[in-house]
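Since the model is a prediction, treat every value here as computed from it, not as a measurement. Side chains included, hydrogens not; waters and symmetry mates left out as well; all remaining heavy atoms used.
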Amino acid sequence: MAQRLAHVTIVVPDYDAAIAFYTGVLGFRLVVDEYRPAQDKRWVVVQPSGGGTSFVLGRAKNDREAAAIGNQSGGRVFLFLDTDDLHGDLARLRAHDIRIVRQPKVAEYGTVAVFADPFGNLWDLIQRDQGQYPEG
């Protein structure tokens with residue numbers, strides 16, 4: 001049996017602000033943005049430029065969901081984004097006033113920095129050494 005992770009939901013306060021960040025700042029591709037009248041919500045999916053798992057941007061619809069925005073992993077790094085240009089990506093994040101939580105440091109698998117997206121989620125931004133791949 002072959003399986004793969006298709007989507008991960010990220011709870012956001014506003015669809016358009018989330019789309020602007022993920023596509024305009026991170027450079028993700030907008031895959032779908034459709035209104036679903038039966039549920040009175042939008043189905044919004046973005047995906048990193050290099051492919052892989054995509055993200056469903058789910059607007060918080062109640063207080064419980066709103067409380068999870070930016071803390072979907074209990075304060076730990078939530079998402080891990082591989083890049084082939086860590087310093088270029090960091091420059092773009094800084095240009096958009098995105099908070100860099102930890103400056104780049106060399107680890108056994110490559111160079112990693114941590115940033116907080118505008119909603120508070122923590123991300124590892126990783127440029128892997130040649131031949132190093134995510135565990136899995």
Legend entry - Under the side-chain contact (heavy atoms from CB on, under 4.5 Å) test, residues paired with Thr9 that sit two or more places apart: Val56

Inset, instruction - Grab the two heavy atoms, one from Pro118 and one from Ile98, that are nearest each other, plus how far apart they are. - result: CG-CD1, 3.9 Å

Legend entry - Single-linkage hydrophobic cluster, 4.5 Å side-chain cutoff, Ile19 and Val32 together: no

Inset, instruction - Of all the heavy-atom pairs spanning Arg59 and Asp40, show the shortest one and how long it is. - result: NH2-O, 4.4 Å

Inset, instruction - Could you note down all residue pairs passing salt bridge (charged side-chain N to carboxylate O under 4.0 Å, His left out) where residues 7-17 supplies at least one of them, sequence neighbours left out? - result: Asp16-Arg42

Legend entry - Hphob cluster co-occupancy, Val25 + Ile69, side-chain heavy atoms under 4.5 angstrom: yes

Legend entry - Greater than 12 external heavy atoms within 6.0 Å of Arg94's CZ: yes

Inset, instruction - State whether the side chain of Asp124 and the backbone N or O of Ile126 hold a donor-acceptor pair below 3.5 Å, judged by distance alone. - result: no

Inset, instruction - For residues Asp33 and Tyr15, determine if any side-chain heavy atom of one lies less than 4.5 Å from a side-chain heavy atom of the other. - result: no

Legend entry - Common cluster, Val8/Val45, ILVMFWY with side-chain heavy-atom separation under 4.5 Å: no

Legend entry - Pairwise side-chain contact, Phe78 with Ile10, heavy-atom cut-off 4.5 Å (strictly under): yes

Legend entry - Value rounded to 0.5 Å, distance of OG1 in Thr53 from CG in Leu5: 4.0 Å

Inset, instruction - Indicate yes or no for a side-chain donor-acceptor contact from Ser54 to the backbone of Ala6 under 3.5 Å, with no hydrogens or angles considered. - result: yes

Inset, instruction - Return yes when atom CG of Asn62 has more than 12 non-hydrogen atoms of other residues, nucleotides or ligands closer than 6.0 Å, and no otherwise. - result: yes

Legend entry - Atom CZ of Arg64: over 12 foreign heavy atoms under 6.0 Å: no

Inset, instruction - Could you tell me whether the side chain of Phe115 reaches within less than 4.5 Å of the side chain of Leu122, counting heavy atoms only? - result: no

Inset, instruction - Mark yes or no for whether Thr111, through its side chain, and Pro104, through its backbone, hold a donor-acceptor pair below 3.5 Å. - result: no

Legend entry - Note, Phe28 side chain near Leu81 side chain (heavy atom, < 4.5 Å): yes

Inset, instruction - Can you spot which of Asp84, Leu90, Asp89 makes a side chain to side chain contact (heavy atoms under 4.5 Å, CB included) with Leu86? - result: Leu90

Inset, instruction - Give the minimum heavy-atom separation between Val11 and Ala60, together with the two atoms involved. - result: CG1-CB, 3.8 Å

Inset, instruction - Would you mind reporting whether Trp123 and Leu26 have side-chain heavy atoms less than 4.5 Å apart? - result: yes

Inset, instruction - Check whether Leu79 and Ile100 end up in the same hydrophobic cluster, where Ile, Leu, Val, Met, Phe, Trp and Tyr are linked by side-chain heavy atoms less than 4.5 Å apart. - result: yes

Legend entry - Check: His7 and Val31 side chains under 4.5 Å, non-hydrogen atoms: no

Legend entry - Cluster link Val101 to Leu125, ILVMFWY, side chain under 4.5 Å: no

Inset, instruction - Please report the shortest heavy-atom distance between Ala18 and Leu57, naming the atom on each side. - result: CB-CD1, 3.8 Å

Legend entry - Tyr22 and Asp117, any side-chain heavy atoms less than 4.5 Å apart: yes

Inset, instruction - For Gln47 and Gly52, indicate whether the former's side chain and the latter's backbone hold a donor-acceptor pair under 3.5 Å. - result: yes

